[in-house]
Asks: 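Input: one structure, supplied below.
Chain letters run A, B, ... following the sequence lines, proteins first and then strands; every chain starts at 1. Only this structure's heavy atoms are used, side chains among them; waters, hydrogens and symmetry mates stay out.
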Amino acid sequence: MKIASVIVDVPTKQTDKTFDYLIPEQWNHLVVPGMRVIVPFGPRNIQGFVTEIKSHSEFNSLREIIEPMDLEPVLSKELLELGNWLTDTTLCFRIFAYQVMLPAALKAKYEKKVKLAAGVKASDLPSPLSHLLDGGAMLDWEEALKQGLVGVLHREAIKGNIEVIYLVKERVKKKHIKVIRPAVAAVQLKEELKQLPANAEKQKQVLLYFIDQYQETEYKKLTSQYQLSPSAIKALESKGLLDGMEMEVYRDPFDHRVFQKTEPLPLTENQEKVITPIRNAVETGKHEVFLLYGVTGSGKTEIYLQSIQKVIEKGQEAIVLVPEISLTPQMVHRFKSRFGDLVAVMHSGLSAGEKYDEWRKVQRKEVKVVVGARSAIFAPFENIGIIIIDEEHETSYKQEDMPRYHARDVAIRRAQTYNCPVVLGSATPSLESFARAQKNVYQLLTLPSRMNNQALPSVEIIDMREELRSGNRSMFSRKLLELLKDRLEKQQQSVLFLNKRGHSSFVMCRDCGYVVNCPNCDISLTYHRAGVRMKCHYCGYEAPVPSVCPECSSEYIRYFGTGTQKVEDELGKILPEARVIRMDVDTTGRKGAHEKLLTEFKEGKADILLGTQMIAKGLDFPNITLVGVLSADTMLHLPDFRSSEKTFQLLTQVSGRAGRHKLPGEVIIQTYTPEHYSIELAGTQDYNLFYQREMMVRKMRHYPPFYYLAMITVSHEQLLTVVSETEKIVQFISSQVSNKTVVLGPTVSPIARINNRYRYQCLIKYKREPNLYKTLKKILDQYQTTAKNGPLVSIDVNPFIMM
DNA sequence: AGCACGCCGACT
DNA sequence: GTCGGCGTGCTC
């Protein structure tokens, strides 16, 4: 009998290896690597991934695979290998690496049930069980737990009267509809029509329909159109004239929309210059990474579209990654209207079932292009011709929980295996990428000017300290107010951008400044409008919003939100005639609200669009001629070495919203630190100078791209234990690495406590350390094996969030 | 993760 | 003497 090596769905150190199972004869040829199977594991049944088929095992008493869950593997050979690579490079469990590559719908759901053992009568059991299990009924274990039946069940199980059953279930079913199609030629249908008994009126109608419409038809449509009972169709089916079958259908989220087909636009001279090397790489099947550096509005998307066109012509497939927040309907529209049904879209707005359907389209090779957020990088294509990452600098490409991968790294890895180009596009490339381009690791392609040579908007930086000194205490500088009024008169549109500080909405006392914190974590609670409650995002603690301040008993304790509410109120006072649309977590919570608000703004139903992060991208409306940034520096003081870079990127991004069409644009940036280079240089929109300045800082402080980072976070209930354990780790690493490597710590984490566990960090900065991963793995092995009340250790290689 | 096995305290 | 607490170790 053949043997399968299986990675089981149990994410622990001890089970992070393959387990061997016998393949029952009947599945012998079906079970292949990459397939999900149900296997017995101890007393229960769980899901697992087959990684290998072999004929020998070191174990002598193997159990059998219970059942395969797929007819064809869900992970190709390439993806299995990619999963192993992910495991090694991000130091996670293999099961996590496999699961992250699949839609959530394919993750197993487990159910534990109780039923009567064979040959036992329900009446033999004690009273509560006897009727619950009567007639072979299955009792849900959770349900039994709630009713306090565990003790009884336990006793009966020992006696052998009941049986515990472990079920592995799919989360989402494929959606099917029943269709009917003619089973014989149309001529023959006509023949049969004549032979029908005179009273077979309904059958006659159905036959006439199929003679007229010789095609597959939805069962429901037939029955409702002719008011049929199923029997008429059944009769025809049994005569062999019609064929009924289940057909898999997709939940198409864009079903109701019609896409006007667009043709490739003529390229400018610059675009032509830039696309040529990409086309060549596609043509010759050469792996190369291009950094497409092009200012906002320089026509990067058209480059993507035409490169993909080339790939499709060559019979290959394309993956396009777009940050979640710019995966707007407009963006999707551009791809759908160029490539029509060949596009699958994957983003968080879809339901689990819809995501699964989009994934199936890729798996069944029914599409050629995938447009999606981070996880779309794992699209199960098998002949990739190009991978494009738009807004390459976006931090959302790094996943913050296991496996902590960066989509850019995965993209390059996959492109290497498929010998195809990667295009990283940005108006403000990440320092890492730009530095690589400078060193010719990546090939730099530049689009220096906007299409049609529109001027970049003029940017003015306003020193808010100056405003305060001259007696203006409002949040609008005099200049910004003046321009807002001007745009109102001219009936042009403005965008006001509020940079939210650190985390989201919190509750604060206006009198004493008290902020409501989580009692278990050193972090403020987040306000949730539903139920007027506050929640902790880290431990789940919940509390109602207090009516008086616990510190000073003031009644003026309230939700501070992202500040947009406050800005809106103030706007209402000073510009009462302006129509304002506010976009933040509160107003865009519902599905589709985001799109609806933007459409309203586009249609000119408002003069001012006010919002946070989420309006920084993708807005491309002709009538926007003014962009105001209310507070540019809120992000600058976060404990993050990338804060300058992020500030510069965000300001540049926002500025790009103005004057993208015929009308010239103006940008006002309000700040308390106008002298900071990231703000000053965002003002002059000088990426190159910013790059040089920031590189100097990074070099001095030993940060990327000069050094690589690895962050170790240790947590424990006892402060002293955390400190001493972190110290031990620091010592151990120091002893293992070269003296050129910097090992910092123990340092308190920026979030000093989560869920009553204190947190300390150790930061490693290194240039070349070939054995570091092995060393880190050793640390993980050590701590994941020791007792549960011991310290927890997590490691993030190339961290993006330093908390 | 779940679950069994196993060794100590408070009860019929 | 037993029921049940959760500490430890195993699952091919």
Side-chain angles (χ1 to χ4, degrees), chain A residues 1-25 27-28 31-33 35-69 87 92-100 104 106-115 126 139-146 148-160 162-169 171 401-403 716-718 721 755 780-794:
Chain A
M1 231 190 254
K2 278 205 267 178
I3 292 160
S5 293
V6 174
I7 291 284
V8 293
D9 183 18
V10 183
T12 59
K13 173 84 231 126
Q14 292 162 313
T15 52
D16 188 29
K17 54 177 177 137
T18 58
F19 288 77
D20 293 345
Y21 290 90
L22 293 170
I23 304 172
E25 212 51 55
W27 315 121
N28 204 355
V31 175
V32 292
M35 194 169 272
R36 296 172 306 150
V37 288
I38 299 173
V39 291
F41 197 64
R44 55 207 170 109
N45 299 334
I46 58 172
Q47 191 190 65
F49 289 90
V50 176
T51 59
E52 197 192 341
I53 304 290
K54 52 190 187 182
S55 47
H56 292 285
S57 173
E58 293 167 37
F59 292 83
N60 37 25
S61 59
L62 299 186
R63 297 169 81 180
E64 286 191 0
I65 286 177
I66 291 174
E67 182 188 358
M69 296 180 79
T87 308
C92 70
F93 300 131
R94 267 224 263 176
I95 187 68
F96 281 143
Y98 292 156
Q99 266 163 190
V100 79
L106 292 184
K107 201 170 177 295
K109 216 168 71 180
Y110 298 106
E111 277 178 18
K112 189 180 172 183
K113 302 219 171 200
V114 181
K115 76 166 194 190
L139 174 62
D140 194 76
W141 186 266
E142 293 290 313
E143 203 57 39
L145 216 70
K146 273 185 214 148
L149 296 171
V150 195
V152 200
L153 289 173
H154 204 79
R155 278 190 293 277
E156 294 302 319
I158 288 168
K159 282 190 229 160
I162 57 170
E163 201 181 338
V164 182
I165 302 187
Y166 298 88
L167 295 170
V168 182
K169 286 200 159 180
R171 251 161 225 275
D401 37 47
M402 291 223 270
H716 192 267
E717 285 168 27
Q718 300 291 317
T721 315
N755 222 345
L780 280 178
D781 284 352
Q782 166 90 34
Y783 284 94
Q784 283 167 348
T785 319
T786 52
K788 271 187 201 118
N789 52 3
L792 284 178
V793 173
S794 82

Asks: List for me each residue that meets salt bridge (charged side-chain N to carboxylate O under 4.0 Å, His left out) alongside Arg36(A), sequence neighbours excluded, and say none if there are none.
Replies: Asp70(A), Glu170(A)
Asks: Which residues satisfy the ring pair (Phe, Tyr, Trp, His ring centres under 6.0 Å) test with Tyr166(A), sequence neighbours excluded?
Replies: none
Asks: For Gln99(A), what residues pass the side chain to side chain donor-acceptor pair (under 3.5 Å) criterion, not counting sequence neighbours?
Replies: none
Asks: Quick check on contacts: within residues 47-56 of chain A, what sits under 4.0 Å from DNA chain C by heavy-atom distance?
Replies: none
Asks: Let me know the distance between OH of Tyr166(A) and P of dT11(C), rounded to the nearest Å.
Replies: 16 Å
Asks: Which residue pairs satisfy the salt bridge (Lys or Arg N to Asp or Glu O under 4.0 Å) criterion with at least one member in residues 8-19 of chain A, sequence neighbours excluded?
Replies: Lys13(A)-Asp781(A)
Asks: How close or far is atom C1' of dT11(C) from atom CD1 of Ile95(A), stated in whole angstroms?
Replies: 15 Å
Asks: CZ of Phe41(A) versus C1' of dC12(C): gap in Å, rounded?
Replies: 8 Å
Asks: Whether the side chain of Tyr110(A) engages the backbone of Gln47(A) through a donor-acceptor N/O pair (distance < 3.5 Å, no angle test) should be reported.
Replies: yes
Asks: Which atoms of nucleotides 4-6 of chain C (N or O only) lie under 3.5 Å from a protein N or O atom, and what are those distances?
Replies:
none

Asks: When Asn45(A) is tested against each of Leu167(A), Ile38(A), Val39(A), Ile165(A) for side chain to side chain contact (heavy atoms under 4.5 Å, CB included), which residue passes?
Replies: Ile38(A)
Asks: Restricting to ring pair (Phe, Tyr, Trp, His ring centres under 6.0 Å), what partner residues turn up for Tyr98(A), sequence neighbours left out?
Replies: Phe49(A)
Asks: Would you indicate what Arg44(A) reaches in the nucleic acid, counting non-hydrogen atoms under 4.0 angstrom: base, sugar-phosphate, or nothing?
Replies: base
Asks: For DNA chain B, which nucleotides open and close the run of contacts to chain A, 5' to 3', at under 4.0 angstrom from a non-hydrogen atom?
Replies: dA1(B) to dC3(B)
Asks: Tell me whether Ser5(A) contacts the main-chain N or O of Thr18(A) through its side chain, where contact means a donor paired with an acceptor under 3.5 Å.
Replies: no
Asks: With a 4.5 Å cut-off on side-chain heavy atoms, are Pro24(A) and Ile65(A) touching?
Replies: yes
Asks: Taking salt bridge (charged side-chain N to carboxylate O under 4.0 Å, His left out) as the test, write out the residues that go with Asp20(A), two or more places apart.
Replies: Lys54(A)
Asks: Could you work out, with salt bridge (charged side-chain N to carboxylate O under 4.0 Å, His left out) as the rule, every residue matching Lys113(A), not counting sequence neighbours?
Replies: Glu111(A)
Asks: Does any residue of residues 4-20 of chain A have a heavy atom under 4.0 Å from DNA chain B, and if so, which ones, in number order?
Replies: Val10(A), Pro11(A), Thr12(A), Gln14(A)
Asks: Among residues at least two apart in sequence or on other chains, which ones pass salt bridge (charged side-chain N to carboxylate O under 4.0 Å, His left out) with Lys115(A)?
Replies: none
Asks: More than 12 foreign heavy atoms under 6.0 Å from CD of Glu52(A): is that the case here?
Replies: yes
